[in-house]
Trainee: 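Dropping the structure in here first, questions after.
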Amino acid sequence: EDGIRDRDVTGVQTCALPISAFDLLYWNADSTNLPGPMYAWYLRNTYLENRLCVPGAVQNCGVPVDLGRATMPAFILATSGSTGQPKLVVRSQRDLAYYSAMRAVGLREDDRVMASLGPPGSFSGVIYLLAAAFAGCAAHFCDIRREGARRYMERLEVERITILRCGASLLRTIAALPGARAALSSVRVVRFGGEPTLAADVALARPLLPAGCQFDNNYGEIGRAHV
């Protein structure tokens, strides 16, 4: 089919989402590290057949699941974690608070964070906005697709960004442009996410960043590393 019609737990129609096997495998590869049969079940029941919106259609340890009976505070996020693409996800209040608190670790009141992995309404944007609020620092957002790489670099320099959250491919693009060193002159931590980061990416960025700048790999919670 061309798309999946998503409905919330009360049966109210929300939107039609274009779905393909490539999209599902790609956008869930970073943090969904599951055995093959379990992953196949997850894709079929939660995406292809959208069974979670039907009370009792899915069972957990033999117990029928009815999300309409859940009392935990939650909100529905209509984008993927780091992009602006449609992908309805239910996030609990506890989940949001946990990730926001984790991202706030290491932030200082004088920091200026640039979150480049999605708009403020994406999950990545929401948690970085709240993380900055927790730490009492400033948060900036840039839609690289709309503003372009050069405008993005100008903002890095003008805003004196100290915490740069971006994908490795974006950093490669910046490194290839004139003025990259000036744009990155105030960055003290680069937080990678959204895609794999190679040792070559770190080696490429090192000469352009201030001495002592640190790299934090946030690509998937299991594979997180600090350099």
Side-chain angles (χ1 to χ4, degrees), residues 26-27 29-31 79-85 99-100 102-227:
Y26 181 83
W27 290 117
D30 56 344
S31 58
T79 69
S80 69
S82 57
T83 74
Q85 302 304 312
Y99 279 100
S100 300
M102 288 293 291
R103 297 301 186 270
V105 172
L107 296 184
R108 306 187 308 222
E109 290 186 4
D110 60 344
D111 274 326
R112 293 167 298 281
V113 181
M114 175 66 84
S116 314
L117 284 182
S122 68
F123 186 62
S124 176
V126 169
I127 61 177
Y128 266 91
L129 185 63
L130 292 179
F134 289 162
C137 63
H140 301 266
F141 295 88
C142 179
D143 187 340
I144 190 71
R145 291 166 297 184
R146 179 179 300 176
E147 299 191 35
R150 294 192 181 278
R151 173 56 181 158
Y152 177 78
M153 286 179 56
E154 291 175 3
R155 292 193 57 190
L156 292 180
E157 185 173 2
V158 171
E159 303 292 349
R160 305 291 295 170
I161 298 301
T162 59
I163 310 294
L164 177 59
R165 165 73 166 165
C166 69
S169 58
L170 176 55
L171 194 59
R172 291 183 214 120
T173 300
I174 295 173
L177 295 175
R181 189 186 300 274
L184 300 171
S185 61
S186 58
V187 176
R188 69 178 187 87
V189 177
V190 177
R191 290 184 170 177
F192 289 113
E195 60 183 309
T197 301
L198 306 177
D201 297 322
V202 176
L204 177 66
R206 281 286 190 199
L208 303 174
L209 292 159
C213 180
Q214 297 179 327
F215 295 87
D216 193 5
N217 182 19
N218 293 169
Y219 178 64
E221 297 305 308
I222 297 176
R224 181 167 182 165
H226 191 75
V227 181

Trainee: Can you list everything that forms a salt bridge (Lys or Arg N to Asp or Glu O under 4.0 Å) with R112? Sequence neighbours excluded, please.
Mentor: none
Trainee: Walk me through it: do M114 and F141 pass the test side-chain contact (heavy atoms from CB on, under 4.5 Å)?
Mentor: CA-CA 6 Å; M114 175 66 84; F141 295 88; 5.7 Å; no
Trainee: Residues in side chain to side chain contact (heavy atoms under 4.5 Å, CB included) with R181, at least two apart?
Mentor: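 Only L208 meet the side chain to side chain contact (heavy atoms under 4.5 Å, CB included) criterion with R181.
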Trainee: One pair to check against side-chain contact (heavy atoms from CB on, under 4.5 Å): T197 and L171. What are the steps and the verdict?
Mentor: CA-CA 10 Å; T197 301; L171 194 59; over 6 Å; no
Trainee: Using the side-chain hydrogen bond (donor to acceptor under 3.5 Å, both in side chains) criterion, which residues pair with T173? Sequence neighbours excluded.
Mentor: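 Counting only residues at least two positions away or on another chain, T173 forms no side-chain hydrogen bond (donor to acceptor under 3.5 Å, both in side chains).
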Trainee: How close do S100 and A131 get, counting heavy atoms only, and between which atoms?
Mentor: O-CB, 3.4 Å
Trainee: Does T162 have any side-chain hydrogen bond (donor to acceptor under 3.5 Å, both in side chains) partners at least two apart in sequence or in another chain, and if so, which?
Mentor: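 Applying side-chain hydrogen bond (donor to acceptor under 3.5 Å, both in side chains) to T162 gives D111.
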Trainee: Please list, chain by chain and in numerical order, all residues satisfying side chain to side chain contact (heavy atoms under 4.5 Å, CB included) with E159, sequence neighbours excluded.
Mentor: H140, I161
Trainee: Taking the side chain as every heavy atom from C-beta outward, state whether F215 and V189 have any atom pair closer than 4.5 Å.
Mentor: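 The answer is no; the side chains never approach within 4.5 Å.
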Trainee: Does any N or O in the side chain of R188 come within less than 3.5 Å of the main-chain N or O of G212, such that one atom is a donor and the other an acceptor?
Mentor: no
Trainee: Assess the residue pair L107 and V113 against the criterion (side-chain contact (heavy atoms from CB on, under 4.5 Å)); give the C-alpha distance rounded to whole Å, side-chain angles, the decisive distance to 0.1 Å, and a yes or no.
Mentor: CA-CA 9 Å; L107 296 184; V113 181; 4.2 Å; yes
Trainee: Check F192 against G167 and note the closest heavy-atom contact, atom names and distance.
Mentor: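 Scanning both residues completely, I find the closest heavy atoms to be CD2-C, 4.2 Å.
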Trainee: Would the distance check show the side chain of R191 and the main-chain N or O of R103 forming a donor-acceptor pair, the cut-off being under 3.5 Å?
Mentor: yes
Trainee: Taking atom SG of C142 and atom CD of E154, what is their separation to the nearest 0.5 Å?
Mentor: 10.5 Å
Trainee: For R172, what residues pass the salt bridge (Lys or Arg N to Asp or Glu O under 4.0 Å) criterion, not counting sequence neighbours?
Mentor: D201
Trainee: With sequence neighbours left out, what residues match R150 under salt bridge (Lys or Arg N to Asp or Glu O under 4.0 Å)?
Mentor: none
Trainee: With the side chain counted from C-beta on, respond yes when R160 and S185 share a heavy-atom pair under 4.5 Å apart, and no when they do not.
Mentor: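 Side-chain contact under 4.5 Å: yes.
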Trainee: For L164 and L156, run side-chain contact (heavy atoms from CB on, under 4.5 Å): C-alpha distance rounded to whole Å, both residues' side-chain angles, the deciding distance at 0.1 Å, then the answer.
Mentor: CA-CA 9 Å; L164 177 59; L156 292 180; 3.9 Å; yes
Trainee: So which heavy atom on P196 is nearest to which on A168, and how close?
Mentor: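 Heavy atoms only, the tightest pair is O-CB, 3.8 Å.
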Trainee: For the residue pair V187 and C213, what are the closest heavy atoms and their distance?
Mentor: O-SG, 3.7 Å
Trainee: Mind checking salt bridge (Lys or Arg N to Asp or Glu O under 4.0 Å) for E147 and listing every partner two or more places apart, or none if nothing turns up?
Mentor: R151, R155
